[in-house]
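Every value quoted in this text rests on a predicted model; they were computed, and no experiment measured them. All chains are named by letter (A, B, ...) in the order of the sequence lines, taking the proteins before the strands, and each is independently numbered beginning at 1.
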Amino acid sequence: MEEVKEIREIVERSVSQKDLLFTAKKMTIWGATTTIGFAVTHVMFKQAIAGKLNGLYIIPWWVLVIGVSLYLSSRVEPPSVVSYFGRIAKRFWMIYFAVLPLVIGELIALGKPMYIGAFISILVGAWISLGGILLGCRTTVALGLIYSYSSIAMFLYWQYQFLIYALLHFSILFLLGGVISLKRLEKGEE
Amino acid sequence: MILDSRIRVKALAILSGLEKAEFKYLKEKLRTTDGNLSSHMKKLEEAGLIRVEKAIVKGKPRTYYSITEKGKKVLMEYLEEILREMSGKH
């Protein structure tokens, strides 16, 4: 019975395994590029609501940000382990970054600038939390909740919504993802 | 029997939850040597329980392993057999 229990534990652990160094590098890249992406979006957004810039220019800007992120990510050595959950999570993030510029551009074009951040963060937050529940990852669920709750601040201080986004991406992807993965690696954790 | 070795059983169990894993990763998880792991993985490959994929990454050779459908089936049968034996004893 002990052997069966041990095998079951090995299988359960392996489904969510990840290469921590690879994860840290990826998170650092995406954290840094999207933080810059949102900071510039904040400036573009202010120009757009002042009528000095077409809000749809945010779409090509984000195409550039995502393109640069993908290029830098492709330079990272492939992971030593690929789990099924890791593959799902990767697709999840790709969809998020692909949809993001379209939603921002659309909402600016529709003349609803104050709802953009709140709208995206509620939806994305719920989506991330759902993903976390499905993958059995408490950190991802917490991340989703932080995203959702940030919609309150984004709605109240809507002029700074993209700066709040930049702060979220910097703290969650860059600091939590990148730095903490490296710390865990140093400690020899899985 | 192919699964009469603990390392081979554990290697199959690790791979059953993964899409693929590199040699280095399995070596760390199984706490074994290069030579020992190589010989066990070769036996699993010859039995058709795992698939081997070789790649060159930044000029360095890398070996990835993944479990086959037959490998999953054999692992399940092995676990069922243990459970049957256990229930027979009680």
Side-chain heavy-atom pair [X], [Y] within 4.5 angstrom cut-off:
X       : Y       : answer
B:Arg62 : A:Pro78 : yes
B:Phe23 : A:Ser80 : no
A:Val82 : B:Leu18 : no

A:Leu143 reachable from A:Ile146 in the ILVMFWY side-chain graph, under 4.5 Å edges: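 In one cluster: yes.
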Same apolar cluster: A:Met154 and A:Phe119, side chain cutoff 4.5 Å: yes
Chain A contact via B:Tyr64 - side chain, backbone, both or neither, heavy atoms under 4.5 Å: side chain
Toward chain A, the part of B:Lys58 with a non-hydrogen atom under 4.5 Å: side chain
Any donor-acceptor pair under 3.5 Å from B:Lys29 side chain to A:Ser14 backbone: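 No: the side chain of B:Lys29 does not pair with the backbone of A:Ser14.
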Interface residue of largest heavy-atom contact number with chain A, from B:Lys60, B:Glu28, B:Glu22, under 4.5 Å: B:Glu22
A:Asp19 CG to B:Lys24 NZ distance, which is reported to the nearest 0.5 Å: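 Answer for the CG-NZ pair, A:Asp19 versus B:Lys24, is 6.5 Å.
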Per-residue contacts, residues 4-14 of chain B versus chain A, heavy atoms under 4.5 Å: B:Arg6, B:Val9, B:Lys10, B:Ala13, B:Ile14
When A:Arg8, A:Glu77, A:Glu12 are compared by non-hydrogen pairs under 4.5 Å with chain B, the top option: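 With the most close heavy-atom pairs to chain B, the winner is A:Glu77.
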